[in-house]
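Whatever order the structure lists ligands and atoms in, that order sets their numbers, starting from 1.
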Amino acid sequence: MLHQTNQQQTDIAQQRKQLIEEVLKAYPDKSREKRDQQLNVYEQGKSDCGVKSNVKSIPGTMTARGCSYAGAKGVVWGPIKDMVHISHGPVGCGYWSWSGRRNYYIGTTGIDSFGTMDFTSDFQERDIVFGGDKKLTKIIKEIEELFPLNRGITVQSECPIGLIGDDIEAVAKKSSKEINKPIIPVRCEGFRGVSQSLGHHIANDTVRDWLFPYAERAKKQGKLISYQPGPYDVAIIGDYNIGGDTWSSRILLEEIGLRVIAQWSGDGTLNEMMLTPQVKLNLIHCYRSMNYITRHMEEAYGVPWLEYNFFGPTAIANSLQQIAARFDSKIQENAQKVIAKYEPIMDAVIAKYRSRLENKTVALMVGGLRPRHVIPAFNDLGMKLVATGYEFAHHDDYKRTTNYVENGTIIYDDVTSYEFEELIKALKPDLVASGVKEKYVFQKMGLPFRQMHSWDYSGPYHGYDGFAIFARDMDMALNNPSWRLIPTPWKQANKD
Ligand code: SF4
């Protein structure tokens with residue numbers, strides 16, 4: 001029986017390799033060679049997924065990727081709610097990223113918080129010709145006058161800034177002294193790097209090079225907010241509070257007795273960021289986007305870090321135990337109590353939905369974390385993964401992915417829209433979970449789809465509370481009666 005299962009698995013892996021070969025045939029030779037290195041079938045026991053990653057997209061192949069600006073402004077800095085983030089350059093980038101990402105916050109928008117607003121220098125031809133530094137200086141003054149409760153400003157460079165030789169660092173330094181607040185220049189022009197990923201790195205580096213030195217100076221001058229460090233202080237790093245995810249994570253950490261000092265960066269504030277070097281442990285959810293700053297905090301301030309996963313009860317319980325193990329017996333006992341408290345609640349969720357979702361297959365394609373991180377939540381519901389891939393992951397993400405996927409899973413890096421459609425047509429998963437650009441394509445194919453970036457305007461999905469919503473949403477999409485109405489009755493009758 002076991003032999004048969006192994007044989008079946010080998011057959012599936014073989015078939016899927018052939019499928020990839022078939023799909024790649026459509027490309028010209030050069031592109032096919034390149035894409036061949038980014039598609040693979042995972043084989044049990046291998047230490048990585050065997051795909052090349054973090055390399056340039058092939059022109060004209062309809063990549064799903066975004067740019068460095070999206071990674072820096074859209075992901076890392078944008079959610080810091082009490083700072084004003086200037087989209088510096090022409091109007092488009094700020095407009096299209098305006099409130100598109102559901103990084104929730106509490107605040108009075110326009111007064112003390114600015115998360116869902118679009119501040120832009122709206123470059124005109126004269127700014128390209130003569131440079132935009134004077135305009136930027138003027139804008140900073142205007143912001144200070146019109147939005148006096150802002151705690152600081154970031155300047156998020158769009159493509160032209162680096163191309164025309166503007167010196168936003170000089171403007172930031174000078175204006176920061178004038179308004180007596182941090183101004184962070186971010187060199188995240190979209191031409192840098194190959195995807196959102198370099199934008200994350202650049203944004204992390206600006207925290208290291210501009211914000212932390214500012215915080216240290218403020219501390220010396222006695223201007224940093226007064227704070228009594230405690231033994232259970234932690235920071236949540238790399239949780240953007242999509243649909244309230246950080247909140248539904250934070251309550252669990254607090255329930256086991258930890259004190260959450262900072263949220264990076266969903267519902268985050270400037271002061272929280274400045275206080276973070278004083279915490280006892282950095283808890284990192286999104287490794288891809290924020291490992292750089294956690295590594296820096298370890299080197300410069302001796303703050304250790306730990307990766308965790310709050311998707312689905314199995315991963316949550318493991319993570320709570322691992323986190324608690326970094327603290328004393330009080331926290332460890334609390335963690336066990338919290339796990340035990342939520343167990344019957346989670347069992348009830350599973351009892352309700354598992355029978356409706358068991359053995360259904362899912363294909364994923366998201367950004368830099370979720371293509372592996374949400375797999376345990378699907379598994380808790382009895383669902384099986386057939387394919388997964390990232391837009392902008394690196395080799396270390398694909399290594400981590402091996403802990404989540406089974407033999408025969410198709411892995412695609414920076415999948416093109418053609419490949420994704422062809423693979424999905426052949427694999428026929430019961431659910432596709434990806435982004436808004438993919439959603440309507442697959443729905444038109446009659447395939448249930450859930451957005452795995454925006455949670456399809458639902459969520460949270462993190463934490464125990466989030467899992468109940470996750471299970472409900474997957475069931476709602478998958479077992480929706482509308483899918484049965486796609487074949488028209490007359491065509492169906494002809495078929496029969
Ligand atoms: S690539 Fe350039 S123009 Fe396009 S969104 Fe990014 S920064 Fe803006």
Side-chain angles (χ1 to χ4, degrees), residues 53-80 83-103 114-133 135-136 139-140 153-169 171-172 183-207 210 240 265 288-289 366-368 390-394 414-417 435-438 453-454:
S53 58
N54 194 30
V55 288
K56 267 175 77 161
S57 304
I58 299 171
T61 53
M62 300 274 283
T63 171
R65 280 175 169 175
C67 70
S68 211
Y69 161 88
K73 183 262 181 182
V75 174
V76 175
W77 273 113
I80 298 296
M83 294 179 86
V84 168
H85 308 286
I86 305 171
S87 291
H88 191 37
V91 74
C93 327
Y95 179 80
W96 289 106
S97 59
W98 176 15
S99 208
R101 200 156 163 269
R102 302 177 59 237
N103 33 248
F114 312 94
T116 50
M117 296 174 80
D118 171 22
F119 293 84
T120 173
S121 44
D122 185 19
F123 260 42
Q124 303 299 307
E125 208 171 332
R126 65 176 175 275
D127 302 314
I128 299 288
V129 174
F130 298 108
D133 287 344
K135 190 178 199 181
L136 181 61
I139 286 170
I140 290 169
I153 293 169
T154 71
V155 182
Q156 307 286 335
S157 306
E158 297 167 5
C159 279
I161 304 307
L163 297 172
I164 59 172
D166 272 11
D167 190 354
I168 58 166
E169 287 79 8
V171 175
I183 299 179
I184 317 287
V186 190
R187 285 284 180 185
C188 54
E189 290 94 342
F191 60 77
R192 297 186 197 276
V194 299
S195 66
Q196 292 92 316
S197 184
L198 189 69
H200 303 144
H201 198 155
I202 291 167
N204 279 222
D205 286 356
T206 56
V207 174
W210 290 82
Y240 302 101
S265 50
R288 182 68 276 130
S289 61
V366 209
Y390 301 80
E391 284 171 41
F392 50 76
H394 297 203
D414 185 23
V415 71
T416 68
S417 105
V436 71
K437 298 193 290 297
E438 291 76 35
H453 294 274
S454 68

Candidate pair Y69 and S87, rule side-chain contact (heavy atoms from CB on, under 4.5 Å), full reasoning: CA-CA 9 Å; Y69 161 88; S87 291; 2.6 Å; yes
Steps toward side-chain hydrogen bond (donor to acceptor under 3.5 Å, both in side chains) verdict (S57, R65): CA-CA 8 Å; S57 304; R65 280 175 169 175; 3.0 Å; yes
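Every residue two or more places apart in sequence or in another chain was checked for a side chain to side chain donor-acceptor pair (under 3.5 Å) with S195, and none qualifies.
A 4.5 Å side-chain heavy-atom check between S417 and K437 finds every atom pair outside the cut-off. Between W210 and V186 the shortest side-chain heavy-atom distance does not fall below 4.5 Å.
The count of protein N, O or S atoms under 2.8 Å from atom 6 (Fe) of ligand 1 stands at 1, with waters excluded from the count.
Here S289 contributes atom OG and H201 contributes atom NE2; the two are 12.0 Å apart, rounded to the nearest 0.5 Å.
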